[in-house]
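In what follows, chains are A, B, ... by sequence order, proteins preceding strands, each numbered from 1.
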Amino acid sequence: MDQNNSLPPYAQGLASPQGAMTPGIPIFSPMMPYGTGLTPQPIQNTSSLSILEEQQRQQQQQQQQQQQQQQQQQQQQQQAAQQSTSQQAAQVASGQAPQIFHSQTLTTAPLPGTTPLYPSPVTPMTPITPATPASESSGIVPQLQNIVSTVNLGCKLDLKTIALRARNAEYNPKRFAAVIMRIREPRTTALIFSSGKMVCTGAKSEEQSRLAARKYARVVQKLGFPAKFLDFKIQNMVGSCDVKFPIRLEGLVLTHQQFSSYEPELFPGLIYRMIKPRIVLLIFVSGKVVLTGAKVRAEIYEAFENIYPILKGFRKTT
Amino acid sequence: MASTSRLDALPRVTCPNHPDAILVEDYRAGDMICPECGLVVGDRVIDVGSEWRTFSNDKATKDPSRVGDSQNPLLSDGDLSTMIGKGTGAASFDEFGNSKYQNRRTMSSSDRAMMNAFKEITTMADRINLPRNIVDRTNNLFKQVYEQKSLKGRANDAIASACLYIACRQEGVPRTFKEICAVSRISKKEIGRCFKLILKALETSVDLITTGDFMSRFCSNLCLPKQVQMAATHIARKAVELDLVPGRSPISVAAAAIYMASQASAEKKTQKEIGDIAGVADVTIRQSYRLIYPRAPDLFPTDFKFDTPVDKLPQL
């Protein structure tokens with residue numbers, strides 16, 4: 001991560017903030033990991049959540065065990081070649097991640113010779129997560145639509161001067177106590193508060209969000225404030241994808257009552273609150289799924305891999 | 001007081017011949033009688049019954065045999081409250097015209113808000129003529145939510161409206177959010193939010209609404225005959241079975257089905273009228289109607305008498 005808290009000179013605006021990349025890779029590749037690099041392990045279980053987690057895990061277990069029994073022969077061959085497995089737990093594996101991101105490099109990254117930057121773990125399996133065979137993975141990758149991040153510029157700001165002197169800034173203190181600034185390059189919007197804290201929204205990837213935040217900080221710096229770049233943190237990530245088949249929401253709400261809320265009078269989609277990666281999914285009849293609430297990209301992928309077999313079970317047959 | 005065995009230190013009145021016999025209290029005569037020998041042991045026991053002198057021609061409103069309010073003890077805890085009634089007669093007013101003995105408030109100070117909410121629930125239910133069982137269920141739900149204190153920050157009226165909505169749903173006669181909005185001062189958005197929070201707090205769930213739940217109410221409000229109502233129910237059910245209206249709210253589908261059924265019968269209703277009763281916009285009815293119109297001949301029940309044949313149904 002960015003160790004130095006001061007901004008690099010703006011002339012090298014395209015310099016990678018991390019500097020540990022192989023040369024020639026454009027910064028905006030969606031493959032670029034922004035964090036420490038390892039697939040983050042799921043969040044610690046609080047005692048109140050563990051019961052619901054168990055329930056969700058059991059429900060996913062049942063679904064996956066049914067599918068596993070059907071395809072057992074293929075599984076045995078593949079699993080003999082792959083890592084060792086423990087077939088009891090049926091959580092989606094971090095071990096599955098390399099397979100997903102192999103497909104990702106084929107479809108999304110434009111570079112031919114890139115090894116998947118999302119690391120394949122040296123130890124093949126963590127004890128919690130079993131290998132789910134490759135034939136089970138959905139092959140659909142959720143696309144990120146929005147990233148919300150915050151950063152502390154580390155100094156008090158005078159919003160009035162910022163609003164008067166900066167371009168594309170609006171400030172209406174009676175309506176909202178922050179300057180709303182927009183830039184075009186990663187098309188983003190920032191809310192800049194007088195305490196020096198800033199919220200940056202609208203970016204489509206983690207790198208773009210960071211770059212945009214740095215651009216805003218640069219603008220504030222040029223206006224004469226001693227802006228720094230402290231504690232950049234991504235607060236929320238929103239992704240969406242399409243499972244390409246219609247879904248019976250009424251069936252889904254009957255079986256997953258503790259996690260789903262479907263009120264057609266209030267909202268046409270089903271709101272599924274997944275416990276294990278703490279993600280909220282909006283599932284629609286058309287088959288489109290919106291995932292939100294993630295702090296890291298892997299949570300979105302993991303949540304989608306968890307929900308995909310469940311949705312397949314509720315496919316509309318007509 | 002004498003015959004209960006609370007404390008052995010208290011002098012207990014017993015029959016001299018049968019000290020172990022439990023005395024029977026005859027409160028009408030004010031006697032304590034030994035059941036073994038019939039001896040009257042204590043007399044002039046104070047009568048705790050009702051006022052004796054109840055004449056039949058007394059004012060029927062004031063029932064003197066009531067010594068306390070008839071509040072339901074299950075709901076508000078401890079209804080041992082006494083209210084000073086409004087004064088009648090000239091003597092109860094002091095020189096300025098204010099009533100003396102003004103202390104009608106400050107009773108049951110805990111749960112005052114709860115009593116207020118119960119009153120509000122009764123008012124709301126009264127506006128849409130809900131039966132007593134729904135009101136009781138609503139009161140119970142409100143009490144559970146109130147005691148849990150997890151929704152303490154929300155307006156009590158909002159929680160009361162949401163409890164009313166849940167009670168109607170649980171009793172199998174759901175009301176739409178808009179109908180509850182019509183009798184409450186809270187917005188639909190806030191009622192919806194409180195509804196979800198209450199379901200989470202009480203860890204209950206409710207069944208999904210179906211088109212048939214609303215048919216009888218909407219059709220009666222539109223004064224449609226039974227044939228049309230049955231036809232509309234059939235149309236809506238078939239439309240959902242054949243998946244002609246994916247993703248549409250059941251209320252909109254029901255409204256469109258009522259429109260189709262009424263247009264095929266002698267009692268034609270306009271989209272605007274149906275929209276007013278059902279709480280859906282007439283463009284919504286139009287959208288859903290367009291989806292079910294192509295399969296209209298399949299949707300009607302087989303024994304339906306068409307006033308307007310199927311091919312002459314309006315096409316919007």
Quick check on B:Lys196 against chain A: is it the side chain, the backbone, both or neither that has a heavy atom closer than 4.5 Å? side chain
A:Val253 versus B:Ser205: any side-chain heavy-atom pair under 4.5 Å? no
Looking at B:Phe177 and A:Glu265, what are the two nearest heavy atoms and their distance? N-OE1, 2.9 Å
Give a yes or no on this: more than 12 heavy atoms of other residues, nucleotides or ligands lie within 6.0 Å of atom CD of B:Glu203. no
Contacting moiety of B:Leu199, where chain A heavy atoms sit under 4.5 Å: neither
Would you say B:Lys200 has more than 12 foreign heavy atoms packed within less than 6.0 Å of its NZ? no
Greater than 12 external heavy atoms within 6.0 Å of A:Arg273's CZ: no
Which bit of B:Thr176 is near chain A, if near means a heavy-atom gap under 4.5 Å: side chain, backbone, both or neither? both
B:Arg193 versus chain A, heavy atoms under 4.5 Å apart: side chain, backbone, both or neither? neither
Heavy-atom proximity to chain B below 4.5 Å, by part of A:Leu249: neither
Taking atom NZ of A:Lys197 as the centre, does the number of heavy atoms from other residues, nucleotides or ligands within less than 6.0 Å exceed 12? no
Take a 6.0 Å sphere around NZ of A:Lys316 and say whether it holds more than 12 heavy atoms from other residues, nucleotides or ligands. yes
Against chain B, label A:Tyr262 side chain, backbone, both or neither, depending on which of its atoms sit under 4.5 Å from a heavy atom there. both
So which heavy atom on B:Gly247 is nearest to which on A:Pro268, and how close? O-CB, 4.4 Å
Between CD of A:Gln257 and CG of B:Asp207, what distance do you get to the nearest 0.5 Å? 8.0 Å
May I ask you to check whether over 12 heavy atoms, not counting those of A:Arg187, lie within 6.0 Å of atom CZ? no
Heavy atoms of other groups near B:Lys119 NZ, more than 12 under 6.0 Å: no
